[in-house]
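This structure is a prediction, so every number in the text was calculated from the model and none was measured.
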Amino acid sequence: MAVFTSLNHFVSLTRFPSSSSFFSSYAHRLFLSPSISSSSIRRFNLFSLKPSRSFAIMSSSTPHGADSPHQEKTTTAPYGSWKSPITADIVSGASKRLGGTAVDSRGRLVWLESRPNESGRGVLVMEGEKPGDEPIDITPKEFAVRTLTQEYGGGAFRISSDDTVFFSNYKDQRLYKQHITDKDSSPRPITPDYGAPAVTYADGVFDARFNRYITVREGWFGLSTAKFWVVSDDFTYELTGLSFTDGRQDRSNPITAIVEVSLSGETLEEPKVVVSGNDFYAFPRLDPKGERLAWIEWSHPNMPWDKAELWVGYISESGKIDKRVCVAGSDPKYVESPTEPKWSSRGRKGSHILAFWMIRRTLGNQCLYVEGASAVLPPSVAKVTLDQQKMKALSSEIVWSSSPDVLKYEAFFSVPELIEFPTEVPGQNAYAYYYPPTNPLYNASMEEKPPLLVKSHGGPTAESRGSLNLNIQYWTSRGWAYVDVNYGGSTGYGREYRERLLRQWGIVDVDDCCGCAKHLVSSGKADVKRLCISGGSAGGYTTLASLAFRDVFKAGASLYGVADLKMLKDEGHKFESRYIDNLVGDEKDFYERSPINFVDKFSCPIILFQGLEDKVVTPDQSRKIYQALKLKGLPVALVEYEGEQHGFRKAENIKYTLEQQMVFFARVIGGFNIADDITPLKIDNFDTSSDA
């Protein structure tokens with residue numbers, strides 16, 4: 001349970017964003033409405049919030065443990081064979097993703113949600129007019145709100161003071177504007193059509209003084225100024241003196257800049273560069289008078305959380321930035337990484353390293369919005385209404401939830417235990433969340449230890465959290481133990497902990513995942529003969545490296561994982577192109593830590609999942625390791641998905657991936673039969689032609 005005594009205490013619970021989706025903060029955000037001083041909030045309990053009528057089912061559930069109606073009858077059955085109501089359909093279809101939040105001029109919440117049942121389409125949704133009213137979709141069905149800037153996206157929309165929303169459309173990556181208070185308003189493009197999504201935009205701010213939208217642009221620009229127009233499979237376009245080359249030609253070095261998009265007139269104009277010259281830009285923010293612009297910039301070989309700079313530019317009468325001052329990050333005596341600048345109402349700028357809050361003056365009731373989650377509550381947004389003195393919370397309600405009806409399964413939830421275990425370095429410990437097998441309908445014999453699935457998170461500079469995740473509950477409610485490892489290099493434990501991974505990727509993360517599994521075996525919480533590991537992206541690399549270079553796990557699952565570090569470096573996108581240098585080292589390290597170069601060291605079954613449109617970890621990575629393992633004679637399977645990129649967004653693919661991992665592990669490590677009716681896929685070098 002989290003109790004906040006002030007907004008400053010709220011900040012202490014946040015985390016710095018990891019490599020994925022840098023433009024979208026991983027921190028919990030607090031939105032105040034209308035003008036509420038941070039000193040006026042005395043105390044409220046985030047997880048005692050009451051749901052609104054739209055999510056009324058969340059308020060009625062049986063507490064985990066005592067008085068559960070399921071506890072009267074239990075069946076003794078092997079771990080892994082238990083039947084659970086938390087099906088793959090529920091996991092894949094119910095878990096919406098929150099892609100950002102904002103408040104309109106009337107104090108109503110607007111959010112971006114990704115919907116698996118609509119192939120992962122991003123939709124802007126507005127809070128209902130009155131309490132209990134259904135939320136209102138803003139985005140028309142023919143549009144999807146999502147930007148591909150830096151491949152991961154984030155910062156796909158912004159709302160201005162006159163309730164105009166600016167957003168990136170997924171299909172063409174153009175910017176559009178739409179008035180959210182007018183039900184008949186349709187999105188109108190404000191950037192040119194280049195014939196292909198070779199230019200992307202992320203984050204931004206409306207500048208009323210010059211009637212323009214200031215945003216970050218990423219694109220592939222040639223140097224030619226000849227005027228020509230070519231339409232073919234390999235696009236090159238000339239527009240007002242610039243030639244644009246399709247990103248498919250050279251993804252390694254797109255140009256990033258802060259640009260202005262004119263909103264005057266009916267003719268679309270080419271965006272003009274406002275700030276440029278560095279490798280990366282983020283978070284352009286205007287002061288309240290529109291006289292100064294703040295932004296974050298950084299350069300290779302740094303990632304933004306390693307070292308970045310906060311700049312302020314003074315805007316001239318013509319709209320140009322005449323004077324620029326570096327406010328933080330330039331002093332060589334310090335290693336600083338400021339992020340997400342925010343101007344105060346008086347024009348003073350604050351740089352909040354861990355989080356930020358937005359203050360709105362509105363005509364609505366005084367309230368604040370809080371994003372949060374817990375071990376038994378899914379990611380949610382709560383609305384807290386305050387008294388006139390802004391000293392006391394009068395009421396609260398959940399206005400958005402990733403899984404509105406999930407609490408009906410609370411009796412089956414496994415509550416995580418934060419564990420600390422020794423690493424290979426004497427005196428150093430690492431951390432993980434351990435989830436024991438939990439199902440009120442079943443128990444196992446006292447002699448049996450459960451199979452264990454070790455999860456290696458992506459990033460690799462990301463983190464695992466102990467909040468409710470139905471994917472994890474799918475495993476634990478069927479009798480699996482599950483551990484989510486925050487290996488050395490994870491964020492959330494300080495810079496020194498995160499920097500354990502510098503030049504040690506493929507060593508520290510592998511050691512910690514293996515060490516965590518062995519720690520749980522020695523603690524009597526896992527069966528040493530049924531240890532499995534799974535991970536996606538960078539976590540997929542850790543999975544493959546653990547299976548190639550250690551002899552701990554009996555099977556593994558890699559989701560769009562890296563098998564060849566050299567290939568990742570050569571084919572990678574600009575944002576992370578130097579990231580891997582800092583994580584690995586020299587050419588010898590690249591070779592010696594690439595699982596593909598040591599196929600002879602693999603000795604257990606592996607299943608691979610890959611999106612065919614993945615530009616971060618290309619399909620060749622999975623195909624290469626699949627063919628090598630198949631040739632060696634190891635049990636191996638490869639699943640490829642059309643239309644999926646880096647991370648799966650379609651409900652049917654999320655479901656299939658989850659089910660096939662479960663069946664694969666059950667078949668290859670043995671000891672139980674799963675209760676679900678799932679048709680297994682064919683495993684090469686394991687099934688005969690008459691099998692699966």
Trainee: Restricting to side-chain hydrogen bond (donor to acceptor under 3.5 Å, both in side chains), what partner residues turn up for Arg212, sequence neighbours left out?
Mentor: Asp207, Glu260

Trainee: Using a strict threshold of under 4.0 Å (side-chain N to carboxylate O), is an ion pair present between Lys342 and Glu340?
Mentor: no

Trainee: Could you work out, with side-chain hydrogen bond (donor to acceptor under 3.5 Å, both in side chains) as the rule, every residue matching Arg324, not counting sequence neighbours?
Mentor: none

Trainee: Just do the side chain to side chain contact (heavy atoms under 4.5 Å, CB included) check on Trp400 and Val125 with the steps written out, would you?
Mentor: CA-CA 10 Å; Trp400 180 88; Val125 186; over 6 Å; no

Trainee: Do Phe283 and Asp203 have side chains that approach each other closer than 4.5 Å (heavy atoms only, starting at C-beta)?
Mentor: yes

Trainee: With sequence neighbours left out, what residues match Asn471 under side chain to side chain contact (heavy atoms under 4.5 Å, CB included)?
Mentor: Val91, Asn469, Trp475, Leu658

Trainee: So, for Pro304 and Ser337, which heavy atoms are closest and what is the spacing to 0.1 Å?
Mentor: O-CB, 3.3 Å

Trainee: So Phe575 and Trp305, would you call those rings parallel, tilted or perpendicular, with 30° and 60° as cut-offs?
Mentor: perpendicular

Trainee: Could you work out, with side-chain hydrogen bond (donor to acceptor under 3.5 Å, both in side chains) as the rule, every residue matching Glu640, not counting sequence neighbours?
Mentor: Arg623

Trainee: Check step by step if side chain to side chain contact (heavy atoms under 4.5 Å, CB included) holds for His300 and Phe280.
Mentor: CA-CA 9 Å; His300 285 314; Phe280 302 99; 3.5 Å; yes

Trainee: Could you work out, with side-chain hydrogen bond (donor to acceptor under 3.5 Å, both in side chains) as the rule, every residue matching Asp137, not counting sequence neighbours?
Mentor: Arg115

Trainee: Quick one: sort the Phe166 and Phe206 rings into parallel, tilted or perpendicular, breaks at 30° and 60°.
Mentor: parallel

Trainee: Does a side-chain heavy-atom distance below 4.5 Å link Trp505 with Tyr541?
Mentor: yes

Trainee: For the pair Glu129 and Arg106, evaluate salt bridge (Lys or Arg N to Asp or Glu O under 4.0 Å) and give the outcome as yes or no after the intermediate values.
Mentor: CA-CA 10 Å; Glu129 188 75 32; Arg106 292 179 290 176; 3.8 Å; yes

Trainee: Looking at every heavy atom in both Gly154 and Thr147, which two are closest together, and how far apart are they?
Mentor: O-CG2, 3.2 Å

Trainee: So does Ile654 get a backbone contact from the side chain of Ser92, meaning a donor-acceptor N/O pair under 3.5 Å?
Mentor: no

Trainee: List the steps and the verdict of side chain to side chain contact (heavy atoms under 4.5 Å, CB included) for Leu112 and Arg146.
Mentor: CA-CA 9 Å; Leu112 172 62; Arg146 182 185 172 194; over 6 Å; no

Trainee: For Arg649, does its backbone N or O pair with a side-chain atom of Glu644 as donor and acceptor, under 3.5 Å?
Mentor: yes

Trainee: Looking only at heavy atoms, what is the nearest atom pair of Lys574 and Ile255, with distance?
Mentor: NZ-CA, 4.4 Å

Trainee: List the atom of Ser161, the atom of Ser105, and the distance in Å for their closest heavy-atom pair.
Mentor: O-CB, 3.7 Å

Trainee: Any chance CD of Glu142 has more than 12 other-residue heavy atoms, nucleotides or ligands included, within less than 6.0 Å?
Mentor: yes

Trainee: Would you please name every residue forming a ring-ring contact (aromatic ring centres under 6.0 Å, His included) with His179, sequence neighbours left out?
Mentor: none

Trainee: Show me the pairs that pass salt bridge (charged side-chain N to carboxylate O under 4.0 Å, His left out) and involve residues 162-177, at least two apart or across chains.
Mentor: none

Trainee: Do the side chains of Val165 and Val110 get nearer than 4.5 Å, heavy atoms only?
Mentor: no

Trainee: Would you find more than 12 non-hydrogen atoms of other residues, nucleotides or ligands less than 6.0 Å from Lys307 atom NZ?
Mentor: yes

Trainee: Quick one: does Lys615's side chain get under 4.5 Å of Leu148's, heavy atoms only?
Mentor: no

Trainee: Would you please name every residue forming a ring-ring contact (aromatic ring centres under 6.0 Å, His included) with Tyr560, sequence neighbours left out?
Mentor: His646, Phe648

Trainee: Who passes salt bridge (charged side-chain N to carboxylate O under 4.0 Å, His left out) against Lys650, sequence neighbours left out?
Mentor: none

Trainee: Mind listing the closest non-hydrogen atom pair of Ser402 and Pro378 along with its distance?
Mentor: OG-CB, 3.4 Å

Trainee: Flag the pair Tyr579 / Pro460 as yes when at least one side-chain heavy-atom distance between them is below 4.5 Å, and no otherwise.
Mentor: yes

Trainee: List the residues meeting salt bridge (charged side-chain N to carboxylate O under 4.0 Å, His left out) with Lys272, not counting sequence neighbours, and say none if there are none.
Mentor: none

Trainee: At their closest point, which heavy atom of Gln621 faces which heavy atom of Asp564, and how far apart are they?
Mentor: OE1-N, 2.8 Å

Trainee: Test side chain to side chain contact (heavy atoms under 4.5 Å, CB included) on Thr618 and Met567; report intermediate values, then the result.
Mentor: CA-CA 9 Å; Thr618 60; Met567 182 186 293; 4.3 Å; yes

Trainee: Can you classify the ring geometry of Trp311 versus Trp295 as parallel (below 30°), tilted (30 to 60°) or perpendicular (above 60°)?
Mentor: parallel

Trainee: For Asp182, enumerate each residue passing the salt bridge (charged side-chain N to carboxylate O under 4.0 Å, His left out) test, keeping only those at least two apart in sequence or located in another chain.
Mentor: none

Trainee: Of all residues at least two apart in sequence or in a different chain, which pass the salt bridge (charged side-chain N to carboxylate O under 4.0 Å, His left out) check with Glu317?
Mentor: Arg209

Trainee: Please examine the side chains of Cys326 and Leu310, heavy atoms only from C-beta on, and report whether any two atoms are closer than 4.5 Å.
Mentor: no

Trainee: What I'd like to find out is whether the side chain of Thr215 reaches to under 4.5 Å of the side chain of Val259, using heavy atoms alone.
Mentor: yes

Trainee: Do Arg121 and Thr139 have side-chain N/O donor and acceptor atoms under 3.5 Å apart?
Mentor: no

Trainee: Are Pro140 and Pro187 side-chain neighbours, meaning at least one heavy-atom pair lies under 4.5 Å?
Mentor: yes

Trainee: Would you say Glu571's side chain and Leu568's backbone share a donor-acceptor pair under 3.5 angstrom?
Mentor: no

